[in-house]
Trainee: 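Provided herewith is a single structure, encoded as structure tokens, for subsequent inquiry.
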Amino acid sequence: DAGVIQSPRHEVTEMGQEVTLRCKPISGHNSLFWYRQTMMRGLELLIYFNNNVPIDDSGMPEDRFSAKMPNASFSTLKIQPSEPRDSAVYFCASSLAMGARISGYTFGSGTRLTVV
Amino acid sequence: KNEVEQSPQNLTAQEGEFITINCSYSVGISALHWLQQHPGGGIVSLFMLSSGKKKHGRLIATINIQEKHSSLHITASHPRDSAVYICAVFRAAGNKLTFGGGTRVLVKP
């Protein structure tokens with residue numbers, strides 16, 4: 001398996017523009033997570049899906065952020081409109097959760113977003 | 001107080017030295033995760049454990065559920081071990097990770 005695939009690797013955009021980050025989880029995994037990492041706040045969970053259904057979006061900063069998982073092999077995180085404070089590295093991760101048992105937790109390589 | 005605390009925050013060692021990183025948590029967990037992140041790099045899962053001890057190469061992770069404490073040991077450290085090591089816990093209910101602040105390790109040749 002190629003692992004968790006994120007695109008793009010780097011994104012530079014102007015304030016006010018829409019940004020879409022993409023993630024392809026590992027085939028067979030049923031949980032998908034979006035994280036944000038900044039120097040100030042470290043790693044933060046934004047949202048996670050189980051079987052394509054959003055379970056916990058309490059970490060989504062505000063309405064400008066939205067995430068979708070239309071099927072088991074694809075998810076997007078969208079920021080509209082983007083602001084300079086959204087600059088961070090965004091990681092996607094996936095795992096297989098069977099009851100309380102979690103296995104194969106794998107992170108993607110991340111998308112480095114810079115909003116100027 | 002953070003739910004997951006790591007110590008030390010920074011650590012410098014000479015090549016060959018034994019390194020220990022500690023992680024304490026204050027919530028009920030189902031499992032604990034040790035992660036490694038090289039500068040500018042992605043995040044790699046090292047261990048996921050819920051009891052006892054795991055070993056992979058020169059890395060050893062232990063956990064004491066009663067004391068709510070885990071340690072990550074690096075034996076015969078090497079400059080390529082220089083990275084940030086992050087402890088994260090799965091809450092007893094749910095699938096989400098809560099992260100420690102990370103330990104920045106520098107191994108000098």
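The chains referred to below are lettered A, B, ... by the order of the sequence lines, with proteins before strands, and numbering in each begins at 1. It should be emphasised that the depicted structure is a prediction, and the values quoted were computed from it without experimental measurement.
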Trainee: Are B:Y85 and B:I60 connected, step by step, through hydrophobic side chains (Ile, Leu, Val, Met, Phe, Trp, Tyr) whose heavy atoms are closer than 4.5 Å?
Mentor: no

Trainee: What's the spacing between B:M48 CE and A:S95 OG if we round to 0.5 Å?
Mentor: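 One gets 7.0 Å once the value is rounded to the nearest 0.5 Å.
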
Trainee: Can you get from A:M15 to A:L77 by hopping between Ile, Leu, Val, Met, Phe, Trp and Tyr side chains that sit under 4.5 Å apart?
Mentor: yes

Trainee: So for atom CG, which belongs to A:N71, do other residues, nucleotides or ligands contribute more than 12 heavy atoms lying within a distance under 6.0 Å?
Mentor: yes

Trainee: Around B:Q9, counting heavy atoms of other residues, nucleotides and ligands shown, do more than 12 lie under 6.0 Å from its CD?
Mentor: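 At most 12 heavy atoms, drawn from other residues, nucleotides or ligands, come within 6.0 Å of this atom.
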
Trainee: If you count heavy atoms of other groups shown closer than 6.0 angstrom to CD of A:E14, is the number above 12?
Mentor: no

Trainee: Side-chain contact test, heavy atoms from C-beta onward, threshold under 4.5 Å: evaluate it for B:L97 versus A:Y105 and give yes or no.
Mentor: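 Yes. Closest side-chain heavy atoms under 4.5 Å.
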
Trainee: Taking only heavy atoms into account, what residues of residues 109-116 of chain A are found under 4.5 Å from chain B?
Mentor: A:S109, A:R112

Trainee: Evaluate the side-chain proximity of A:L43 to B:I43: yes if any heavy-atom separation is below 4.5 Å, no if none is.
Mentor: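 They are in contact (side-chain heavy atoms under 4.5 Å apart), so the answer is yes.
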
Trainee: Could you tell me which residues satisfy side-chain contact (heavy atoms from CB on, under 4.5 Å) with B:N22, sequence neighbours excluded, listed by chain and number?
Mentor: B:S7, B:T20, B:H69, B:S71

Trainee: Take a 6.0 Å sphere around CZ of B:R104 and say whether it holds more than 12 heavy atoms from other residues, nucleotides or ligands.
Mentor: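 No - once you tally the heavy atoms of other residues, nucleotides and ligands closer than 6.0 Å, there are 12 at most.
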
Trainee: Do A:F107 and B:V44 pass the side-chain contact (heavy atoms from CB on, under 4.5 Å) test, and can you show the C-alpha distance, the side-chain angles, and the key distance before you say yes or no?
Mentor: CA-CA 7 Å; A:F107 284 81; B:V44 174; over 6 Å; no

Trainee: To the nearest 0.5 Å, what is the distance between CD1 on B:I86 and CD on A:Q37?
Mentor: 6.0 Å

Trainee: Near A:R41 CZ, under 6.0 Å, is it more than 12 heavy atoms from other residues, nucleotides or ligands?
Mentor: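 At most 12 heavy atoms, drawn from other residues, nucleotides or ligands, come within 6.0 Å of this atom.
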
